[in-house]
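All remarks here apply to the structure that follows.
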Amino acid sequence: MAEPQSQHPVLLEASIISAMRRRIDYLKDVVTCENGVLAECLLSPVQADAVLKAHMANLHEYNRARDNAQKLFGLISAHTGDPIASLPAQSTLSANDKQAFYATIVEQTRALIDITLPITSNLANISSLLYFALNDPPVSRKINWCGFYLTSPDSVNTEHPIMVLGPFQGRLACTVIPFGKGVCGTAAQERRSVLVRDVHSFPGHIACDSASESELVVPIIVNGSVIGVLDIDCLEKDGFNDEDTKGLESVVSEITNTFGKSK
């Protein structure tokens, strides 16, 4: 029997943020007030994020957040005459369909990226999206660390480049990893994804979290330069497979495509 799908709070949160941003574009800086006077619109994408976050302090209350966001879209529709202001369909995921899972993650990553913000701000949200999307039901993977190591600008043109700890979700982590060292350094040095089904069998593995049993690292290459890596650890051996590699490479492609174009 097919496994039932269920709503996923983190993906829904990203969908609402994206939809808010799209709808705000229609306001064009002014709204018509009830008394017919034109007033400056105070709702910016950043403020919209804050509005949603205020309702999402507890992820289990995402239905209430959705209801409030829908009311907001109703007001936007009333003021702009735009009849299609509505939230996207609620996100559903299957624990067994990785292709569909990562397709959704890529879509949400694209929606979350804000080119006006520093890349670290974007990576912070992406690490949160991935960590909770992988760990929350119905997917329920035993992911214990998800985040980024970023190439130190001062080391780029040196003989021994290093990466420093970037945005992440999980326990305390190593702060500096040289290129060529450990799984992350190998992925950066060789400019390829590295899938390790059993970290104890990987020569030179850097055990930032001794509970990790498997690891997947994807390099982030922008305009020909490795600017960092996406690193994900799992509490189980064989926690990742080739589908995960392909899926996470697609997520990283959204980052590289966006920030490559912005240069």
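What you are looking at is a predicted structure, and each value in this text was computed from that prediction instead of being measured.
- In this structure, Val176 belongs to a hydrophobic cluster whose other members, linked by side-chain heavy atoms under 4.5 Å apart, are Ile162, Val164.
- By the rule that hydrophobic residues join a cluster once side-chain heavy atoms approach within less than 4.5 Å of another member, Leu165 and Ile206 end up as members of one cluster.
- Arg192 is linked by a salt bridge (Lys or Arg N to Asp or Glu O under 4.0 Å) to Glu190, counting only residues two or more places apart in sequence or in another chain.
- Distance alone, capped at 3.5 Å, places no donor-acceptor pair between the Asn257 side chain and the Glu254 backbone.
- When hydrophobic clusters are built by joining Ile, Leu, Val, Met, Phe, Trp and Tyr residues whose side-chain heavy atoms come closer than 4.5 Å, directly or via intermediates, Val194 is not grouped with Phe240.
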(request) Take Val229 and Phe148, measure what side chain to side chain contact (heavy atoms under 4.5 Å, CB included) needs, and give me the verdict at the end. (result) CA-CA 6 Å; Val229 298; Phe148 298 89; over 6 Å; no

(request) Begin with the C-alpha distance, continue with both residues' side-chain angles, and end with the deciding distance and a verdict on side chain to side chain contact (heavy atoms under 4.5 Å, CB included) for Phe101 and Leu134. (result) CA-CA 9 Å; Phe101 170 80; Leu134 287 163; 3.7 Å; yes

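- One N or O on the side chain of Arg141 and one on the backbone of Gly239 form a donor-acceptor pair closer than 3.5 Å.
- Of all non-hydrogen atoms in Gly247 and Val106, the two that sit nearest each other are O-CG2, 4.5 Å.
- When side chains are defined from C-beta on, Leu230 does not count as touching Leu123, because their heavy atoms never get closer than 4.5 Å.
- Put simply, the side chain of Leu129 reaches to within 4.5 Å of the side chain of Thr109, judged on heavy atoms.
- Qualifying salt bridge (Lys or Arg N to Asp or Glu O under 4.0 Å) partners for Lys246, counting only residues two or more places apart in sequence or in other chains: none.
- Counting side-chain heavy-atom gaps under 4.5 Å among Ile, Leu, Val, Met, Phe, Trp and Tyr, Val156 is found in no cluster with other residues.
- With Thr104 contributing its side chain and Ala100 its backbone, the two residues share a donor-acceptor pair below 3.5 Å.
- Contact of the Ile232 side chain with the Ile143 side chain is registered, since non-hydrogen atoms from C-beta on lie closer than 4.5 Å.
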(request) Output, in order, the C-alpha distance, side-chain angles, deciding distance and verdict of side chain to side chain contact (heavy atoms under 4.5 Å, CB included) for Ile126 and Ile113. (result) CA-CA 8 Å; Ile126 293 170; Ile113 290 177; 4.1 Å; yes

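- The shortest side-chain heavy-atom distance between Asn135 and Gln169 does not fall under the 4.5 Å cut-off.
- In terms of hydrophobic clustering, with Ile, Leu, Val, Met, Phe, Trp and Tyr side chains grouped at heavy-atom distances under 4.5 Å, Phe168 and Val226 are assigned to a common cluster.
- Side-chain atoms of Tyr149 come within 3.5 Å of backbone atoms of Cys174 as a donor-acceptor pair (strictly under, hydrogens ignored).
- Applying the side-chain contact (heavy atoms from CB on, under 4.5 Å) test between Lys237 and each of Asp198, Val199, Val196 identifies Asp198 as the sole match.
- For Asp242, the side chain to side chain contact (heavy atoms under 4.5 Å, CB included) test picks out Leu195, Arg197, with sequence neighbours left out.
- Between Ile227 and Ile119, the closest side-chain pair of non-hydrogen atoms falls below 4.5 Å.
- Taking every heavy atom of both residues into account, Arg191 and Pro219 meet most closely at C-CG, 3.8 Å.
- The hydrophobic clustering, which links ILVMFWY residues whose side-chain heavy atoms are closer than 4.5 Å, places Phe202 and Met163 together.
- Residues Thr116 and Asp114 bring a donor and an acceptor atom of their side chains to less than 3.5 Å of each other.
- Every residue meeting the side-chain hydrogen bond (donor to acceptor under 3.5 Å, both in side chains) condition with Ser212, not counting sequence neighbours, appears here in chain and number order: Asn144, Asp233.
- No donor-acceptor pair closer than 3.5 Å links the side chain of Thr256 to the backbone N or O of Val222.
- Put simply, the side chain of His160 does not reach to within 4.5 Å of the side chain of Phe179, judged on heavy atoms.
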(request) Kindly determine whether Lys142 and Glu213 satisfy side chain to side chain contact (heavy atoms under 4.5 Å, CB included), including the steps that lead there. (result) CA-CA 10 Å; Lys142 292 184 178 180; Glu213 295 288 342; over 6 Å; no

